[in-house]
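Within every chain, numbering begins at 1; the chains are lettered A, B, ... in the order of the sequence lines, protein sequences first and strands thereafter. Keep in mind that the numbers below use all heavy atoms, side chains included, and drop hydrogens, waters and symmetry copies. Note that the structure is a prediction, hence the values are computed from the model and not measured.
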There are 2 protein chains.
Amino acid sequence: MIERLPLNALRAFVVAARHESFQQAAAELHVTAGAVSRQVKELESRLAFPVFERNAHGVRLNAAGRRLAESAGAGLDRLAEAYREAQRLPRAGLSISAPPSFVQHWLLPRLAGFDARGEEVALEASEVLTQPEWDDGRARLAIRYGTGPWPGVEDRPLLSDPMFPVCSPALLERGPPLQEPADLAAHTLIHVSCTEPAIPTWRHWLDHVGAAGVPAPVQWHYSLFSHALDQAIAGRGVALVGRVVAADRLDSGVLVRPFGERYAFPSPFGYSLITPAAGEPPPLAVRFIDWLMGEVARFREGHPGD
Amino acid sequence: MIERLPLNALRAFVVAARHESFQQAAAELHVTAGAVSRQVKELESRLAFPVFERNAHGVRLNAAGRRLAESAGAGLDRLAEAYREAQRLPRAGLSISAPPSFVQHWLLPRLAGFDARGEEVALEASEVLTQPEWDDGRARLAIRYGTGPWPGVEDRPLLSDPMFPVCSPALLERGPPLQEPADLAAHTLIHVSCTEPAIPTWRHWLDHVGAAGVPAPVQWHYSLFSHALDQAIAGRGVALVGRVVAADRLDSGVLVRPFGERYAFPSPFGYSLITPAAGEPPPLAVRFIDWLMGEVARFREGHPGD
DNA sequence: ATCATAGGTTGAGTATTCCTGACCCTCGTG
DNA sequence: CACGAGGGTCAGGAATACTCAACCTATGAT
């Protein structure tokens with residue numbers, strides 16, 4: 001009988017039954033209300049009886065629908081619990097979650113120096129600036145960009161992240177003069193935006209360097225530092241970025257700081273290593289953390305700024 | 001979490017786990033072993049760990065797989081039970097299961113005479129010659145073609161079904177002579193086959209009429225009397241059929257009995273009305289049975305042969 | 001050593017299912 | 001009358017599931 005179960009229709013129904021709303025069920029299932037409507041219709045067709053009473057302002061379970069929702073819901077909950085438990089099973093390997101630009105511009109270039117000794121390491125680029133809700137059984141670490149603190153987890157600050165303008169050498173040489181902050185008014189400004197939480201903007205930076213009266217409309221907004229860096233390298237403007245992701249590009253010369261070491265904004269945002277508050281980290285995680293701390297120390301030596 | 005469950009993969013896995021065989025799971029699920037293999041692979045990919053140990057001669061659950069199979073299986077069983085219970089809920093209407101040819105050639109032409117009074121009647125053509133396993137909550141009747149008895153249900157014989165040859169009038173007039181059974185050797189024979197149970201064949205008929213020595217290779221086999229009747233009407237040969245489904249065509253003259261009323265084979269197969277052994281039939285079912293018995297009586301009057 | 005068989009795997013393509021977007025409906029409210 | 005809310009459905013597209021065929025390994029028979 002299992003083979004004949006209309007599983008997708010039953011799931012849509014159970015969620016719709018719980019809400020007594022196709023709209024809310026759709027939101028929970030990440031589909032449109034039309035999709036829920038169809039699935040419920042399909043179920044009613046197979047059962048040859050309705051499960052909802054319908055009227056213009058919504059649906060309500062009928063008696064048969066309620067019975068089915070209760071028992072089918074129990075089955076689905078059991079199934080979900082089984083799956084969740086399986087996901088939490090401990091397994092070999094390491095799972096690391098870190099901001100995409102950090103991964104690309106800081107972690108990956110150094111990661112070759114870490115010897116996983118044949119164990120599986122999963123590197124997950126994650127744009128969220130919140131602490132992760134780990135849901136698999138792999139040993140897990142997260143590197144997060146934010147202001148901290150990070151409640152409920154073990155929080156180890158890695159690197160502070162002062163912010164400053166960067167641009168391509170060509171723009172500096174051939175573009176409008178760029179010697180003082182006021183000169184930025186004649187340039188295209190590139191910014192990395194994030195509204196929640198609000199990372200520092202050009203406005204913050206200008207206020208900090210005493211150029212509060214300088215108008216500085218930003219023409220370009222990007223959600224990733226990677227993209228802002230790429231556009232700056234391409235000469236399309238001056239980007240306000242953090243030193244961690246910019247360091248290698250500055251070292252290599254494809255980006256320059258137009259005002260030299262001056263005018264760094266001491267951003268409250270920085271990178272932290274987050275680990276679960278409880279439990280003994282497995283050896284692979286311990287080795288990774290040791291390696292990471294060594295790289296962080298090396299970076300600090302080569303780029304004073306904390 | 002329910003929205004993220006890979007339901008189809010979990011179902012394939014649970015069945016494969018029960019059998020510890022993708023082949024057997026495939027058979028139960030009515031798919032190919034390749035489909036089961038893919039679903040299990042998909043599940044393992046999402047969980048990031050294997051659930052089976054594999055070798056060349058088959059699969060075996062590993063410990064993690066066993067745990068998941070047990071709890072997920074419980075969830076699916078719960079879901080299946082909920083669905084089954086819903087299917088069994090009593091509902092208005094009547095469900096009638098009957099052989100396709102009987103429906104087409106006997107029941108439908110008469111059914112206009114039955115007043116359902118606005119209630120829903122579901123007529124299900126069913127080729128199976130076994131007693132039905134009713135699985136929905138509608139009041140249910142079945143008409144079955146067979147030899148009986150039908151254990152565990154209430155069995156009411158309706159019509160016996162002597163078998164005899166029929167052909168088109170044109171074939172009789174213009175074809176090879178067809179006056180005695182031996183003449184059949186010069187004709188194309190049409191037969192309705194069913195191996196389980198074995199309904200009477202031309203061989204049985206010839207033996208019965210004392211023509212055991214007459215060779216009679218059957219050129220055409222059909223699984224439905226409908227098709228055999230149609231081919232006979234089209235003049236493509238002589239069909240051995242039962243009187244119940246042939247009656248209307250004989251009455252209308254599009255088919256004739258080449259040997260007249262002679263040589264009817266008293267087949268042990270006949271039509272029976274089957275109802276559940278327990279429970280009080282609802283009024284609609286009672287009315288339908290009364291109507292059916294009336295039609296059966298009328299048929300018997302017009303076509304002596306019991 | 002070769003061949004046949006069994007069970008599982010996978011590439012490529014097709015079939016089926018599921019979903020979306022847009023437009024429609026009824027009902028209630030202002 | 002207009003608007004909003006919630007559900008229903010057509011038509012088309014996206015995603016998933018499946019099939020078929022060819023492949024693999026291991027085992028047993030010759």
Using atom [atom1] of [X] as one end and atom [atom2] of [N] as the other, report the distance to the nearest whole Å.
{"X": "B:Glu3", "N": "C:dC19", "atom1": "CD", "atom2": "P", "result": "12 Å"}
{"X": "B:Leu5", "N": "D:dT16", "atom1": "CG", "atom2": "P", "result": "15 Å"}
{"X": "B:Glu53", "N": "C:dG8", "atom1": "CD", "atom2": "C1'", "result": "15 Å"}
{"X": "A:Glu44", "N": "D:dT9", "atom1": "CD", "atom2": "P", "result": "10 Å"}
{"X": "B:Arg11", "N": "D:dT16", "atom1": "CZ", "atom2": "C1'", "result": "13 Å"}
{"X": "B:Phe52", "N": "D:dT25", "atom1": "CZ", "atom2": "P", "result": "22 Å"}
{"X": "B:Leu43", "N": "C:dT9", "atom1": "CG", "atom2": "P", "result": "13 Å"}
{"X": "B:Leu29", "N": "D:dT16", "atom1": "CG", "atom2": "P", "result": "20 Å"}

Which nucleotide in the list [options] gets nearest to the side chain of [X]?
{"X": "A:Val31", "options": "D:dT19, C:dC19, C:dT9", "result": "C:dC19"}
{"X": "B:Lys41", "options": "D:dG7, D:dA26, C:dT10", "result": "C:dT10"}
{"X": "A:Arg54", "options": "D:dG7, C:dC18, D:dT25", "result": "D:dG7"}

query: Checking all strands, does A:Val59 fall into the base, sugar-phosphate, or nothing category for heavy-atom contacts under 4.0 angstrom?
result: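 Sugar-phosphate, backbone atoms only, no base.
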- prompt: Reckon A:Ala33 touches a base, only the sugar-phosphate, or nothing at all at heavy-atom distances under 4.0 Å?
  reply: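 A:Ala33: no heavy atom of the nucleic acid under 4.0 Å.
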Look at [X] and [N] and indicate whether a side-chain polar atom (N or O) is within less than 4.0 Å of OP1 or OP2.
{"X": "B:Asn8", "N": "C:dT17", "value": "no"}
{"X": "A:Ser37", "N": "D:dG8", "value": "yes"}
{"X": "A:Asn55", "N": "C:dG28", "value": "no"}
{"X": "A:Gln39", "N": "C:dT17", "value": "no"}

Candidates A:His227, A:His221, A:Gln231 - the one meeting side-chain contact (heavy atoms from CB on, under 4.5 Å) with A:Ile190: A:Gln231
- prompt: Hey, do the aromatic rings of A:Phe22 and A:Phe52 have their centres closer than 6.0 Å?
  reply: yes
message: Under 6.0 Å between ring centres: does that hold for A:Tyr145 and A:Phe102?
response: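 No - the distance between ring centres of A:Tyr145 and A:Phe102 does not fall below the 6.0 Å cut-off.
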First of A:His30 and B:Arg38 reached from the 5' end of DNA chain C, by closest nucleotide: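 Looking at DNA chain C, the more 5' nearest nucleotide goes with B:Arg38.
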Upstream residue (5' side of DNA chain C) when A:Glu42 and B:Gly58 are each assigned their closest nucleotide: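 Result: B:Gly58.
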task: Just jot down the salt bridge (charged side-chain N to carboxylate O under 4.0 Å, His left out) partners of A:Glu124, sequence neighbours excluded, or say none.
output: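 A:Glu124: no salt bridge (charged side-chain N to carboxylate O under 4.0 Å, His left out) contacts found.
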query: Is the shortest distance from a Lys or Arg side-chain nitrogen in B:Arg46 or B:Glu42 to a carboxylate oxygen in the other one below 4.0 Å?
result: yes
message: Taking the nucleotide of DNA chain D with the nearest heavy atom to each, does A:Gln24 or B:His57 sit closer to the 5' end?
response: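 Mapping each residue to its closest nucleotide by heavy atoms, the 5'-most match is A:Gln24.
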